[in-house]
S.K.: 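A single structure is presented below for examination.
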Amino acid sequence: VFAPLGRARTTPRPAAGPAMSEVEETINRIRTHKGVTGIVIVNSEGVPIRSTFENKQTLQYSALISQLASKARSVVRDLDPQNDLTFLRIRSKKHEIMVAPDREYILIVIQDPNADQNA
């Protein structure tokens with residue numbers, strides 16, 4: 001269903017050479033941050049494209065977080081039609097979920113907020 005992170009794509013995208021390596025570098029940089037437990041990238045329809053999680057977790061995060069991001073974007077636009085959602089951060093006792101929506105993709109990063117304390 002999606003391409004796991006770290007594996008090469010079997011179907012090349014047109015004119016994606018340098019941009020794709022830049023994406024890989026960014027993903028690898030994020031993965032090395034302390035406490036990061038996973039990354040999911042979804043398209044504008046909420047379909048997972050890349051993930052570091054198993055299939056079940058990937059589908060769960062991609063469906064639920066893309067719905068939440070869409071709702072949050074609607075709230076921001078309802079409050080001010082000239083504005084747009086740029087970042088969403090959700091913190092619970094066990095996880096911190098950071099969502100960076102774009103026009104075509106949504107980057108979801110899950111981390112352990114207690115990583116500093118557990119070290």
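Bear in mind the structure is a predicted one, so any value in this text is a computation, not a measurement. All residue numbers in this chain count up from 1 along the given sequence.
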S.K.: Could you pull out the closest heavy-atom pair between A72 and L85, with the gap in Å?
M.R.: CB-CD2, 3.9 Å
S.K.: I'd like to know whether I27 forms a side-chain contact (heavy atoms from CB on, under 4.5 Å) with I41, so could you lay out the CA-CA distance, the side-chain angles of the two residues, the decisive distance to 0.1 Å, and finally the verdict.
M.R.: CA-CA 10 Å; I27 289 168; I41 300 173; 3.6 Å; yes
S.K.: Are I39 and L64 connected into the same hydrophobic cluster when the rule is that any two of I, L, V, M, F, W, Y join if their side-chain heavy atoms are below 4.5 Å apart?
M.R.: no
S.K.: Roughly how far, to the nearest 0.5 Å, is CG of L59 from OG of S51?
M.R.: 8.5 Å
S.K.: Listing request: all side chain to side chain donor-acceptor pair (under 3.5 Å) pairs with a residue in residues 59-74, at least two apart in sequence or in separate chains.
M.R.: R73-D84
S.K.: Any chain of hydrophobic side-chain contacts (each under 4.5 Å) joining V42 to I90?
M.R.: yes
S.K.: Does the side chain of L107 come within less than 4.5 Å of I30's, by heavy atoms?
M.R.: yes
S.K.: For residues 93-100, which side-chain N or O atoms pair as donor and acceptor with protein atoms under 3.5 Å away, sequence neighbours left out?
M.R.:
| from | atom 1 | to | atom 2 | distance (Å) |
| --- | --- | --- | --- | --- |
| E96 | OE1 | Q111 | NE2 | 2.7 |
| E96 | OE2 | R89 | NE | 2.5 |
| E96 | OE2 | R89 | NH2 | 2.9 |

S.K.: What are the two closest non-hydrogen atoms of A69 and I106, and how far apart are they?
M.R.: CB-CD1, 4.3 Å
S.K.: Looking at I49, V40, I108, T52, which one forms a side-chain contact (heavy atoms from CB on, under 4.5 Å) with T58?
M.R.: V40
S.K.: Going by the rule salt bridge (charged side-chain N to carboxylate O under 4.0 Å, His left out), which residues pair with R29 if we only count those two or more places apart in sequence or in a different chain?
M.R.: none
S.K.: What is the minimum heavy-atom distance between T37 and F53, and which atoms define it?
M.R.: O-CE2, 3.8 Å
S.K.: Who pairs with D80 by side-chain contact (heavy atoms from CB on, under 4.5 Å), at least two apart in sequence or on another chain?
M.R.: Q82, N83
S.K.: By side-chain contact (heavy atoms from CB on, under 4.5 Å), which residues pair with E45, not counting sequence neighbours?
M.R.: N43, V47
